[in-house]
Each structure stands twice: as structure tokens, then as C-alpha cells.
Amino acid sequence: MVQLKKLLILSGFILITFASQAIWVTFSPAVTLVASDLRIKPEYVGYLAVTYPLFFLILTVPSGMLLDRNFRFWLFFGALMTFLGGAGRLIVFASYYWLLACQLLAAAGQPFLLNGFVPFASRLYERRRSVIISVLSLSMYLGTVFALLTGYELYSSGGLFNLILPSAILSFLGFLMFIAGMGYLRAGGGEIGRISISDVVERRDLWLVGIILGLGVAAFDNLATWLQPALETVKLGEIAGDAVALSIVLGLAGVAFIPGIVAGRNARTRYMRSIVPLIALFFGILIFIQSKLLVFLFLALSGLLMLPAYPLIMDWIGKFHEMSIQGSATGFVGLVSRAISVFLMFMAPYFIYSAGTYFAFLTAVVLVAFLFTLILPDDRKMEKNYS
């Protein structure tokens, strides 16, 4: 029975994470069509998605600290908010303000879910921590990809109701499974003592992995957001969407197997020091040569290598920091990384009027990340100190 509850809460966590990310970008593939249905301006539909990064920035540190104080309750809170936001949209799906209210609920729950990856894996699957973090990270990415790839077709087949139905069903099923397995957390313990933010701010390695993650996320998000106008300057704008999609697909494949191998060999630092200059080389070549073949090839390889860095950094927190601060540490790393990525997202438009200049900007971002990987402690030495 205990093992069944353990499996149920893991499955519920995977589904609710998938649903949360799908809720985030549900309307993005059909913004203008949804706006017409709701009789509002398209930008108001866009604001629904903006709630997620905004709430994450505000709540990432507080949610991490709350998870450390009472892990079971606050992880349940994240799952509950996601369920209410996802399933609740079906009640009055033709009202923008109702959809906004539900989106705010789900956005409030997301930081508790994402910052719960590391402490969840450490509590329930300590020996397989890196694998569980990779699985949860994969569900996070897949939820976004699912919504983006299926959204337009779902809307075309049945309007707003069909568009929001999958995330509603998944959030409901995920929450039911989560509730069914919560007894395992009660049996295994989940309440930890109080901590302060100074317990994580003073840890140098958390600043470093936060900065590296932020620069990596900034590079990837910039590709997803600004690649098309940059490539349009060399008449290649039509390939941008397909190139980014291929990058994400191969990145998901990488997330499925790379983190487990790297973590098993205590090669996290070596991995980042190896892939970051390689990606900088890819972007550096694209400064001077922009062709369909090279754009597809280099973005595909970059996605394959870059996306696994997220679960590896999460596993770093689980490996080298005590369980009592893992939620706070994850939240702090999220704050540092998100602040950097948002800042660079606003800088990127100044460089999109030339494809070469745009790739020079990305190359510079990745090279700065490489400098920080050189400062990052070797995890083999960290392993000895931790032991």
C-alpha cells in the first residue's frame, strides 16, 4: 500500500506539472481567434500568459521557503491551485474575467510545483533523485510543447471549450492521484523547521548556478521569441518556427537520458564547461554564415545539449544542499535566473535588425555563461566535501 501511494503521488505530480504548463500557454496558438470569441483586444489574451512569469518572479523565493517549512501542505497548495485554475475554466469559459481569475490561481500554484521538484525527489527517491528530477522536468517541458502544438487544432475543432478541455481533464486527474498518494508524505514526514533567506543567499554556488541557468534560459527564450524577425533580415524567417520546434524536440530527448548519465558520473561541472563553449561556437559560426542547413543543425544540437542543464542544476541543489533548505535554494536560483533572463529578453530587440548582430548577441550571452562555469566548483570536489 505504501508503494502504491508513492507511485500515485509521483504520477499525480507529473500530471499536475504537465497541466500547469499547458494552462500557461493554452491560448497562445490562437490569440486572435480567442480574442474575437471573447470580444476583447488580442493583447488581453496575451496577458493571460504573462501572469505566469510575473507570479513566478514574485513568488519563487517565498514559495521555496514555505515548502521548506511545511513541504506537504505547500506542495498540496500548488496542486490545488493548478486544479482550480485548470478545471475551473470549464465553468464559465466564455468570460474573459473568469478565465483571468482561473489563470491567476494556476499562476500562483506554479512556483510551488516547480520549486518542489528537488525536495520531492530527495524525500521520496533519494537514490534516484536525478532520474525523478529529469522526469518532472520532462513533464514541465512537454506540457508547454503539447499546448503550443495542439492549440490551434483544438480550437479549430471545437472553439474555446475544446481548447481548454485537455488541461482541465489532466489537472483533475493529476489532483486526484496526488490526493490519493498524499498519505505517503504524511508517513515519510514533510515538515521542516523555519529558515531565513540568508541561509541560501550566503551560498556562493547557488549564485553561480542561478546565473548560469539564467544566461542559458535567456539564450533559449530569445531564440523562441526573436529568431523569426532576425532571420527575416536574410530572408529565412519562415524556418524559425520549425528550427525552434526541432530544438525543443531534441532537447526533450536529451532531458530523458543525459542528466542521469552526467549526475551518475559526478560530471555536472564538466558537462557545463564542455557544452557551453560548443554552443557559443555554433552561434559564432551563424554570425557569419546563415543558411537553412546550419540554422537547423546548430539549433537542434543546442537544444539537445542545453535543455538537460535545467534538471542537472536542480540535481546540484539536491545533491549538495541539505534537505531543510532545498525549496528555498530552488526558489533563490529561480529568482536569480529569471531576473537575468527577463532583462536580456528586453535587450534582444535592439539586435534583431541584422541576423549576424543577433547571433553575436547570443554568442556573447553564452560566452558570459562559460566564464561562470569556470568559477563553478567541480562537483567531484563538492562530493568529497559533502561526504
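Please read all numbers here as calculations on a predicted model, not as lab measurements.
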Distance-only donor-acceptor check, side chains D221 and S341, under 3.5 Å: no

For residues L105 and F73: do they belong to one hydrophobic cluster (side chain heavy atoms under 4.5 Å, members Ile, Leu, Val, Met, Phe, Trp, Tyr)? yes

Would you say CD of E153 has more than 12 non-hydrogen atoms from neighbouring residues, nucleotides or ligands within 6.0 angstrom? yes

Is there a side chain to side chain contact (heavy atoms under 4.5 Å, CB included) between F372 and V276 once you walk through the steps? CA-CA 10 Å; F372 281 98; V276 174; over 6 Å; no

Are any side-chain N or O atoms of T373 and backbone N or O atoms of F370, one a donor and one an acceptor, separated by less than 3.5 Å? yes

Can you tell me how far CD1 of I289 sits from CZ of F359, rounded to the nearest 0.5 angstrom? 12.0 Å

Donor-acceptor contact below 3.5 Å, side chain Q326 vs main chain H321: yes

List the residues meeting ring-ring contact (aromatic ring centres under 6.0 Å, His included) with W316, not counting sequence neighbours, and say none if there are none. F320

Decide salt bridge (Lys or Arg N to Asp or Glu O under 4.0 Å) for R268 and D315; before the verdict, give the C-alpha distance in whole Å, the side-chain angles of both, and the deciding distance to 0.1 Å. CA-CA 9 Å; R268 303 168 191 84; D315 184 60; 2.9 Å; yes

Is the W24 ring parallel, tilted or perpendicular to the Y52 ring (thresholds 30°, 60°)? parallel

Straight-line distance of Q228 CD to L236 CG, nearest 0.5 Å: 10.5 Å

For F343, look at atom CZ and say whether over 12 heavy atoms of other residues, nucleotides or ligands are found less than 6.0 Å away. no

Would you indicate whether F172, at its atom CZ, is surrounded by more than 12 heavy atoms from other residues, nucleotides or ligands within a distance under 6.0 Å? no

Ring centres under 6.0 angstrom apart (W98, F93): no

State which residue, out of P259, P311, P308, fulfils the side-chain contact (heavy atoms from CB on, under 4.5 Å) condition with S137. P311

Cluster question for you: counting only ILVMFWY and a side-chain heavy-atom cut-off of under 4.5 Å, with indirect links fine, are V244 and L293 together? no

Side chain T357, main chain F351, donor-acceptor under 3.5 Å: no

Before you tell me yes or no, could you show the steps for Y44 and Y47 under ring-ring contact (aromatic ring centres under 6.0 Å, His included), namely the whole-Å CA-CA distance, both residues' side-chain angles and the distance that decides it to 0.1 Å? CA-CA 5 Å; Y44 285 97; Y47 293 154; 5.5 Å; yes

Which of S167, S171, S95 passes side chain to side chain donor-acceptor pair (under 3.5 Å) with R89? It is S167

Count I, L, V, M, F, W, Y as connected when their side-chain heavy atoms are under 4.5 Å apart, and connections chain through other members. Are F257 and V249 then in the same cluster? no

Honestly, is K6 close enough over Y125, meaning NZ or CZ under 6.0 Å from the six-membered ring centre and within 45° of the axis? yes

Mutual orientation of the aromatic rings belonging to F361 and Y358 [parallel < 30°, tilted 30-60°, perpendicular > 60°]: tilted

Where does the angle between the aromatic ring planes of F117 and F13 fall among parallel (under 30°), tilted (30 to 60°) and perpendicular (over 60°)? perpendicular

Check for a donor-acceptor pair, side chain of S134 on one end and backbone N or O of S130 on the other, with a separation under 3.5 Å. yes

Describe, in one word, how the ring planes of W74 and F112 are oriented to each other, choosing from parallel (under 30°), tilted (30 to 60°) and perpendicular (over 60°). parallel

Taking the side chain from Y96 and the backbone from R39, do they hold a donor-acceptor pair closer than 3.5 Å? no

Near-ring test F178/F175, centroid separation under 6.0 angstrom: no

Hey, could you give me the CG/CD distance between L231 and E238, rounded to the nearest 0.5 Å? 8.5 Å

Hphob cluster co-occupancy, M345 + L213, side-chain heavy atoms under 4.5 angstrom: yes

